[in-house]
Amino acid sequence: MCTDDEHGIGRRTLLVTGAATALTLGTMSFASAADGSQSTKTLKGTLPPGAPDYVYLPVEVPRGVREIKVSYTYTKATVPAGTQNNALDIGIFDERGTALGGKGFRGWSGGARTEFFLRADDATPGYVPGPVRAGTWHIALGPYTVAPDGLPYEVTVTLTHGASGTTPKPVYPPSRARGRGRAWYRGDCHIHTWYSDGRRTPAEVGALARAAGLDFINTSDHNTHSSQAHWSDVAGDDLLVLIGEEVTTRNGHVVALGTDPGTFIDWRYRARDNRWAKYAQEIRRAGGLVVPAHPHATCIGCGWKFGFGEADAVEVWNGPYTPDDEVSLQDWDNTLVAYARSRGKGSWIPAMGNSDAHRDPDRIGGPQTVVLADDLTRDAIQDGIRAGRSYVAESSEVSVAFTATGGKGEVAALGARLEVSPDAPVTVDLEVKGAPGCTLHIVTDQGTLFTSAPLPDSGTGTASWRTTASYAAYVRAEVRHAPATTGLPGALAAFTNPIFLGKSA
């Protein structure tokens, strides 16, 4: 076992590509060795405050390597109150390099694991099986936060020499399930497994999704597509499994929803790097939807900084309803006001809700997006989400029906426009089931203009309200629990996408 110490910056090279920076450490070189033998080396060092987002450790891999194994540790510091402590993520790129959007990505576990391995026939969850080919590999370190005195780390690489195994051909879930024709389908599109920082297997997720009354889910592990070939046994006639990724940047997270199997979307950029539009287009070219996640979350790097110009939908409600979800809801409502002011020019951004479930006791399907789709297929579900033909509910117990009817009997439902003259009468009807004790609200571009009395213990109730397009540019519904704090709104039990009123420009 050989050990290299890396304490200073003399052997480091700073690579600059546009606005993004990356630090490259000294190379760890290995020689060929006899089959069955192992070679191990360790690199130690300290990353300074202000280190680049990604630090690369080159590893020269010789021919005849069967497996590469990496382990790492880093030191937590003693820091003043209110100061972020050390946190270090890890992943790996193979001999094809570390170029943004390149082919070299082989896995990422963030801070969820302290070691991983790759070989042709298998890999640690989060990593992609395949041959360990000769060339310069790169271990990617991500100093998420660095304490004032720096981040001491130690990386150990072990190569096992020998003949490579056979890489299994990936099998992906089908893009359709047995649906009910045009119907309302329930789904949760933001779920994590042990292939990133979750603790559940795909099989466990599938069982919980069925128990939650879901018709579809979307795979969304952080910064890796490694789980995508492990869902075919989970999918079935009763459960559509869409393929995706949570693209987790330092300036916010985005769910790539329903991409082609095997799609990997890079995440190594910030808003100031002006690269986001390219990767949003990559998601769409792969057949996916671009859905910024938890845009006002308070965790470091979680708040969405890229703007919504590339969004196909936005995740307004993420997991148990909290104040940052309320902020996201109001911020999204402001985008509807802006669209209404344009009198229908351009496009608006539909809202959705997902659980972001990682482990027990996180509840899959809490919340869930309920989509009116022509069938239970990838394309049909995406079409419904993109069009805003959907509402969000805290569970499968809650259902909502919401329509707007003009004076001549014309009807518009969620995501649509009721084409009526400014002063023509409009009747808005709301029906809710499964929400005992909740109040019903009708919200417009002026704010909340109707609030009901609490629903009875049956949880079923209706509301009807009359307006005109000149008074309300759009209407949408909210179903809320009783307030936990006087003067603040109660948590959502459900909310809908809007119905726009009036002639379009």
Side-chain angles (χ1 to χ4, degrees), residues 1-6 12 22-33 37-47 51-75 86-98 102-144 151-162 164-165 167 194-197 221-227 264 267-268:
M1 175 177 177
C2 297
T3 300
D4 294 329
D5 289 317
E6 177 68 67
R12 296 171 177 162
L23 193 65
T24 300
L25 305 175
T27 301
M28 184 183 287
S29 296
F30 289 83
S32 298
S37 65
Q38 290 187 331
S39 304
T40 299
K41 290 192 174 185
T42 298
L43 183 77
K44 300 178 181 179
T46 300
L47 297 174
D53 289 346
Y54 302 101
V55 176
Y56 297 100
L57 167 58
V59 179
E60 290 294 340
V61 176
R63 295 183 182 278
V65 172
R66 179 175 179 270
E67 178 185 280
I68 181 169
K69 180 178 180 181
V70 178
S71 62
Y72 83 119
T73 61
Y74 64 93
T75 303
N86 289 323
L88 185 64
D89 295 341
I90 197 166
I92 196 167
F93 292 77
D94 66 20
E95 84 289 349
R96 290 171 290 184
T98 62
K103 301 294 186 181
F105 176 79
R106 290 293 294 273
W108 182 258
S109 49
R113 288 183 168 80
T114 58
E115 62 181 28
F116 61 86
F117 75 90
L118 299 92
R119 60 176 186 261
D121 61 340
D122 200 5
T124 298
Y127 295 80
V128 181
V132 182
R133 293 178 290 264
T136 304
W137 288 52
H138 288 84
I139 297 167
L141 300 175
Y144 194 64
L151 192 161
Y153 65 89
E154 180 177 311
V155 180
T156 298
V157 178
T158 299
L159 303 184
T160 300
H161 302 270
S164 178
T167 303
W194 68 353
Y195 286 89
S196 61
D197 61 343
D221 282 308
H222 294 280
N223 293 348
T224 181
H225 61 305
S226 64
S227 79
F264 166 68
W267 73 93
R268 293 169 294 157

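Keep in mind that this is a model prediction, so the values were computed, not measured.
Put simply, the side chain of Pro62 reaches to within 4.5 Å of the side chain of Leu159, judged on heavy atoms. Considering only heavy atoms from C-beta on, Arg113 comes within 4.5 Å of Pro125 through its side chain. The shortest distance between side-chain heavy atoms of Leu43 and Leu57 falls below 4.5 Å. Residues Tyr127 and Ser109 meet the side-chain proximity criterion, which asks for heavy atoms closer than 4.5 Å. Arg66 has its side chain out of reach of Val132: every pair of non-hydrogen atoms, C-beta onward, lies at least 4.5 Å apart. Side-chain contact between Asp122 and Phe117: present, with at least one pair of heavy atoms (C-beta onward) separated by less than 4.5 Å. Residues Thr167 and Asp121 form no side-chain contact, since every pair of their non-hydrogen atoms from C-beta on lies 4.5 Å or further apart. Between Val70 and Thr156 the shortest side-chain heavy-atom distance does not fall below 4.5 Å.
Checked by atom type and distance alone, the side chain of Arg106 pairs as donor or acceptor with a backbone atom of Gly130 at under 3.5 Å.
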Yes or no on side-chain contact (heavy atoms from CB on, under 4.5 Å) for Tyr54 and Leu141, after CA distance, side-chain angles and deciding distance?
CA-CA 6 Å; Tyr54 302 101; Leu141 300 175; over 6 Å; no
Checking side-chain contact (heavy atoms from CB on, under 4.5 Å) for the pair Val61/Val59: CA distance, chi angles, key distance, verdict?
CA-CA 6 Å; Val61 176; Val59 179; 4.0 Å; yes
Candidate pair Leu88 and Tyr153, rule side-chain contact (heavy atoms from CB on, under 4.5 Å), full reasoning
CA-CA 9 Å; Leu88 185 64; Tyr153 65 89; 3.9 Å; yes
Under the side-chain hydrogen bond (donor to acceptor under 3.5 Å, both in side chains) criterion, do Gln38 and Thr160 qualify, and how do the steps go?
CA-CA 5 Å; Gln38 290 187 331; Thr160 300; 3.1 Å; yes
Show the numbers, then the answer: is there a side-chain contact (heavy atoms from CB on, under 4.5 Å) between Ile139 and Val157?
CA-CA 9 Å; Ile139 297 167; Val157 178; 3.4 Å; yes
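A cation-pi contact, defined as under 6.0 Å to the ring centre and within 45° of the axis, links Lys41 to Phe30.
From Asp197, atom CG reaches atom CG of Asp221 across 7.5 Å, with rounding to the nearest 0.5 Å. Here Ile92 contributes atom CD1 and Phe105 contributes atom CZ; the two are 10.5 Å apart, rounded to the nearest 0.5 Å. One finds the CG atom of Asn86 at 3.5 Å from the CG atom of Leu151 (value rounded to the nearest 0.5 Å). To the nearest 0.5 Å, atoms OG1 (Thr42) and OH (Tyr72) are separated by 15.0 Å. Between Asp94 atom CG and His138 atom NE2 the span is 11.0 Å, to the nearest 0.5 Å. With values rounded to the nearest 0.5 angstrom, Ser39 atom OG is found 12.0 Å from Met28 atom CE.
Between the side chains of Glu60 and Thr136, at least one donor N or O sits under 3.5 Å from an acceptor N or O. Remark: the Thr224 side chain and the Tyr195 side chain contain no N/O donor-acceptor pair separated by less than 3.5 Å. No donor-acceptor contact under 3.5 angstrom links the side chains of Glu154 and Thr73, judged on distance only. In summary, the side chains of Ser32 and His161 do not present any donor paired with an acceptor at a separation below 3.5 Å, with no hydrogens or angles considered.
In plain terms, the two heavy atoms of Asp89 and Gly111 that are nearest each other are OD1-N, 3.1 Å. Nearest heavy atom pair, residue Pro129 against residue Ala120, reads CB-O, 3.6 Å. The minimum heavy-atom distance linking Thr46 with Pro152 is given by the pair OG1-CA, 3.8 Å.
Ring geometry for Trp108 against Trp267 counts as tilted: the plane angle lies between 30° and 60°, on a 0 to 90° scale. Relative orientation of the Phe264 and His225 rings is tilted, given thresholds of 30° and 60° on the angle between their planes.
Between Arg268 and Asp53 there is no salt bridge, since none of the side-chain N atoms of the basic residue sits less than 4.0 Å from a carboxylate O of the acidic one.
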